[in-house]
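Have a look at the structure below before the remarks.
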Amino acid sequence: MSTVTGGDAPTVPQNMTLYINNLNEKINLNELKKSLRAVFSQYGNILEVLTFKTLKHKGQAWVVFEDVSKASEALKQMQGFPFYDKPMRIQYAKTKSDIIAKADGTFVPRERRKRHDDKAERKRREQQHDANQAGAGLNYAGAYGVGPPLSQSPFTGGAKSKLPEAPAPPNNILFVQNLPHESTPMMLQMLFCQYPGFKEVRMVEAKPGIAFVEYGDEIQATVAMQGLQGFKITAQNPMLISYAKK
DNA sequence: AGCACA
């Protein structure tokens, strides 16, 4: 084949931060950030989700992963994911996020602010100075203690590792494990029905300790998952919630 | 369409 068309080459190199656009602009930013974090944190630890309300930045978000390989997995898996009725468009961010630069010591406060008010500028510099000092030697122990992300080169090897244990893609049905065997559908309903979109709980008599919980859509299921992940019905039974396989 | 660090 001599001609290959339709390729806008993905020329942006890998980045721990994903740049996402085509987001639904009607969603309020707090909810949007929460839902983005909820949906993306299944792929790895997320350090920060940024959105901005200025016109130039509507419908866009930056999701900062702790680990570039997790970011790239998330990019692949979630590309085009229908999110608030619009397919997400995901790319790597063009530049390193400040939170990363601060952690690896390469952060340089940017000089050029768009708006030039001197008082605010001066105050900002002082704050940044303080923040830098406080942040020196800062160390993220990822919430799940996974990986030694920042200390290593992002581009190790070159072999593409197929992840065998890829999580199930987002689903409006949740799969709940590690329940006490005496749990009843009623008990679970009390917990799960507090999240919007709740439809029903299903349990299988023959398989104690698990349940399926259905919501109206993936987003609602995801929010419930985030809210109840690890919830303990008894001290020995932190709930393990994932998406049900389709 | 639009790549920032509130």
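Below, read A as the first sequence line, B as the second, and so on, with proteins coming before strands; counting in each chain starts at 1.
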Inset, instruction - List the atom of A/I100, the atom of A/F65, and the distance in Å for their closest heavy-atom pair. - result: CD1-O, 4.1 Å
Legend entry - Proximal nucleotide (of B/dA6, B/dG2, B/dA4) relative to the A/K33 side chain: B/dA6
Legend entry - Between B/dA4 (P) and A/L23 (CG): distance, integer Å: 16 Å
Legend entry - Donor on one side chain, acceptor on other, A/E200 and A/Y215, under 3.5 Å: no
Legend entry - Nearest-angstrom distance from the residue atom NE2 of A/H57 to C1' of B/dG2: 7 Å
Inset, instruction - Calculate the interatomic distance between A/Y19 atom OH and B/dC5 atom P; express it in whole Å. - result: 13 Å
Inset, instruction - Figure out the CZ/P separation between A/F65 and B/dC5, and round it to whole Å. - result: 21 Å
Legend entry - Nucleotide of B/dA6, B/dC3, B/dA4 approaching A/K94 most closely (side-chain heavy atoms): B/dC3
Inset, instruction - Look at the side chain of A/K58 and decide which nucleotide, out of B/dC5, B/dC3, B/dG2, has an atom nearest to it. - result: B/dG2
Legend entry - Where A/N15 and A/K94 come nearest, the two heavy atoms and their spacing: ND2-C, 4.2 Å
Inset, instruction - Name the nucleic acid region contacted by A/T54, choosing base, sugar-phosphate or nothing; use a 4.0 angstrom heavy-atom cut-off, strictly under. - result: nothing
Inset, instruction - Give a yes/no answer on whether the side chain of A/K56 brings an N or O atom under 4.0 Å of OP1 or OP2 in B/dC3. - result: no
Inset, instruction - Starting at atom CZ of A/R110, determine the distance to atom C1' of B/dC5, rounded to an integer number of angstrom. - result: 5 Å
Inset, instruction - Determine whether any donor atom in the side chain of A/S97 lies under 3.5 Å from an acceptor atom in the base of B/dA4, or the reverse, and answer yes or no. - result: yes
Inset, instruction - Examine the side chains of A/Y19 and A/Q60 and answer whether a donor and an acceptor come within less than 3.5 Å of each other. - result: yes
Legend entry - Whole angstrom value for the distance that separates P of B/dA6 from CD of A/E48: 8 Å
Inset, instruction - Please check if any side-chain donor atom of A/T17 sits under 3.5 Å from a side-chain acceptor atom of A/K96, or the reverse. - result: no
Legend entry - Residue A/E25, side-chain heavy atoms: nucleotide from B/dC3, B/dG2, B/dA4 that is nearest: B/dG2
Inset, instruction - Give the rounded distance in Å between these two atoms: CD1 of A/I99 and P of B/dC5. - result: 15 Å
